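Values reported hereafter were calculated over all heavy atoms of this structure, with side chains retained and with hydrogens, waters and symmetry mates removed. On a predicted model such as this, the values are computed, not experimentally measured, just so you know.
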Amino acid sequence: DGIRDYKVTGVQTCALPIYAAHTILDSLRRLEYRGYDSAGIATLVGGQIERRRAPGKLSGLDRVLRERPLPGSTGIGHTRWATHGVPNETNAHPHASDRVAVVHNGIIENFHELREELEKKGHRFHTETDTEVSVHLITEYLSQGLSPEQAAAAAIKRLKGAYALAMIFTGQDGLMIGARQGPPLAIGYGNGEMFLGSDAFALAPLTNRVAYLEDGDWVVIRAGSATIHDASDRPVKREIQTTTVSASLVDKGAHRHFMAKEIFEQPEVIGHTLNTVINPVTQSVTLDRKSTRLNSSHLVISYAVFCLK
């Protein structure tokens with residue numbers, strides 16, 4: 001079994017004995033509503049990292065994969081919303097060296113300093129992104145003789161900002177490492193399979209058993225197991241939850257685009273959210289397992305929706 005990872009403004013991995021790219025692409029489509037300007041997938045083929053990337057919509061990446069199929073059962077994928085660098089194939093994730101490939105959600109705030117440090121050590125950068133610095137940092141630690149787990153842990157501690165990371169390593173089929181500081185990252189537990197995703201929705205067709213990493217956590221995923229460490233590198237356990245998230249794809253319905261759909265769904269979403277914490281019978285609100293008695297006349301909820309045509 002290998003590990004497949006897909007990240008679309010999120011991160012996802014799984015351990016399955018078939019080509020990763022197909023499932024990765026399907027999972028990227030589930031998160032298409034979030035908006036993106038490029039996409040890409042990397043897998044291990046014969047132990048070596050191979051990538052397929054394309055600017056624009058997932059249909060472009062799908063076309064590339066049809067023209068140049070990507071085998072391998074260990075992989076990562078991503079849809080990128082540009083924050084550093086223009087949206088093109090060069091800047092599209094995954095970013096890679098000859099040792100590691102990485103996908104990333106968030107912003108690495110100290111990438112300028114780290115890039116200058118690494119360039120002085122001979123590293124050559126090929127993109128305008130902040131994410132690429134994590135690739136070279138991990139590669140630097142690997143070149144010093146550290147194991148993938150040690151190199152990832154050392155690199156993560158150097159990063160400042162917000163990130164959800166997933167990485168695969170040359171010659172390491174069946175291994176993926178993830179890390180979270182800010183953006184969510186969920187581990188999916190299947191039947192002899194393991195997954196890593198940006199949220200339960202991305203994982204829904206694959207498993208309904210998930211555990212969320214906490215800030216500072218990093219996880220080593222192998223086929224059939226996940227070992228979680230906290231920010232101090234101590235092994236920890238995170239609660240495995242059973243989700244009821246639908247496995248169906250999100251569509252735009254009758255709206256022109258996903259943003260319009262989200263705007264007009266706000267009243268319904270707010271109502272569903274409030275129903276999870278407010279008990280109208282007892283006139284109480286339950287937050288963090290603590291119940292507070294309310295006078296309903298004192299509860300005022302307001303919101304505004306602005307729409308420009």
Side-chain angles (χ1 to χ4, degrees), residues 3 5 7 11 13 38 40-53 74-78 80 82-173 175-183 185 215-221 229-233:
I3 293 181
D5 168 274
K7 163 176 177 167
V11 181
T13 76
S38 62
I41 294 172
T43 67
L44 291 181
V45 181
Q48 301 300 309
I49 295 168
E50 287 198 20
R51 293 180 291 169
R52 304 288 185 269
R53 298 176 295 165
T74 297
I76 57 178
H78 182 264
R80 173 178 183 255
T83 56
H84 295 80
V86 299
N88 58 22
E89 181 177 343
T90 299
N91 288 327
H93 296 216
H95 295 307
S97 68
D98 60 349
R99 305 288 298 274
V100 62
V102 175
V103 288
H104 163 227
N105 277 351
I107 295 176
I108 298 173
E109 296 174 358
N110 62 334
F111 82 98
H112 281 298
E113 303 95 300
L114 291 172
R115 180 167 178 154
E116 290 178 0
E117 172 190 326
L118 290 162
E119 284 178 331
K120 290 177 181 177
K121 294 181 177 180
H123 290 263
R124 296 182 60 188
F125 286 73
H126 304 284
T127 79
E128 303 169 283
T129 70
D130 56 326
T131 303
E132 191 184 5
V133 75
S134 65
V135 173
H136 290 280
L137 191 57
I138 296 167
T139 301
E140 176 65 22
Y141 286 124
L142 289 170
S143 68
Q144 295 175 13
L146 274 63
S147 67
E149 295 90 335
Q150 293 168 332
I156 291 163
K157 291 176 175 59
R158 299 284 311 279
L159 304 180
K160 295 179 181 179
Y163 53 80
L165 295 164
M167 55 199 85
I168 59 175
F169 300 84
T170 298
Q172 295 287 336
D173 276 298
L175 169 67
M176 175 168 293
I177 297 177
R180 176 197 176 182
Q181 183 62 48
L185 195 58
D215 279 350
D217 285 354
W218 59 281
V219 59
V220 177
I221 292 183
H229 303 80
D230 65 14
S232 299
D233 297 335

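- When side chains are defined from C-beta on, Leu118 counts as touching Val133, because their heavy atoms get closer than 4.5 Å.
- With no hydrogens or angles considered, a side-chain donor-acceptor pair links Thr127 and Thr129 at under 3.5 Å.
- Here the closest heavy-atom approach between residue Leu146 and residue Ala154 is recorded as CD2-CB, 4.3 Å.
- Listed here is the closest heavy atom pair of Ala96 and Arg51: N-NH1, 3.7 Å.
- Checked against ring-ring contact (aromatic ring centres under 6.0 Å, His included), His136 has the following partners two or more places apart in sequence or in another chain: His123, Phe125.
- Thr170 has its side chain out of reach of Leu142: every pair of non-hydrogen atoms, C-beta onward, lies at least 4.5 Å apart.
- Legend: salt bridge (charged side-chain N to carboxylate O under 4.0 Å, His left out) pairs involving residues 144-155, not counting sequence neighbours, sorted by first then second residue: Glu149-Arg222.
- Using a distance-only test at 3.5 Å, with no hydrogens or angles considered, no donor-acceptor pair links the side chain of Gln48 to the main chain of Val45.
- From Ile138, atom CD1 reaches atom CG of Leu159 across 7.5 Å, with rounding to the nearest 0.5 Å.
- Using a cut-off of 4.0 Å between Lys/Arg side-chain N and Asp/Glu carboxylate O, Lys120 and Glu116 are scored as not salt-bridged.
- Using a 4.5 Å cut-off on side-chain heavy atoms (C-beta onward), Arg80 and Asn91 make contact.
- Looking at heavy atoms from C-beta onward, Arg158 lies out of side-chain contact with Lys160 at the 4.5 angstrom threshold.
- Donor-acceptor pairing under 3.5 Å is lacking for the side chains of Thr90 and His126.
- The stretch residues 161-172 participates, sequence neighbours left out, in no salt bridge (charged side-chain N to carboxylate O under 4.0 Å, His left out) pair at all.
- The salt bridge (charged side-chain N to carboxylate O under 4.0 Å, His left out) pairs that include a residue from residues 124-143 number zero, where partners must be two or more places apart or lie in different chains.
- The heavy-atom pair separating Ile156 from Ala179 by the smallest distance is CD1-CB, 3.4 Å.
- Looking at Arg53, its side chain never comes within 3.5 Å of a backbone N or O of Ile41 through a donor-acceptor pair.
- Leu114 contributes atom CG, which lies 11.5 Å from atom CD of Glu109 (distance to the nearest 0.5 angstrom).
- With rounding to the nearest 0.5 angstrom, the CG atom of Asp98 is 6.5 Å from the OG1 atom of Thr139.
- If you take OG on Ser143 and CZ on Arg99, they are separated by 7.0 Å, rounding to the nearest 0.5 Å.
- Residue Ala153 comes nearest to Asp233 through the heavy atom pair CB-OD1, 4.3 Å, listed as atom of the first residue, atom of the second, then distance.
- You'll find the side chain of Leu175 stays beyond 4.5 Å of the side chain of Ile168, heavy atoms only.
- The backbone N or O of Asp215 lies less than 3.5 Å from no partner atom in the side chain of Gln181, so there is not a single donor-acceptor pair.
- In this structure, the side chains of Val102 and Val100 come closer than 4.5 Å at one or more pairs of heavy atoms.
- For residues 144-164, there are no ring-ring contact (aromatic ring centres under 6.0 Å, His included) pairs, not counting sequence neighbours.
- The shortest heavy-atom contact between Ala166 and Met176 is CB-SD, 4.1 Å.
- Side-chain contact between Ile76 and Met167 is absent, with no heavy-atom pair separated by less than 4.5 Å.
- In this model, no donor atom of one side chain and acceptor atom of the other lie less than 3.5 Å apart for Asp230 and Trp218.
- Under the side chain to side chain donor-acceptor pair (under 3.5 Å) criterion, Glu119 pairs with Arg115, not counting sequence neighbours.
- At a threshold of 4.5 Å between non-hydrogen side-chain atoms, the residues Ile177 and Ile221 do not count as touching.
- The line from CD1 of Ile108 to CG of Leu165 is 6.0 Å long, rounded to the nearest 0.5 Å.
- In this structure, Pro94 and Gly40 approach most closely via the heavy-atom pair CD-C, 3.5 Å.
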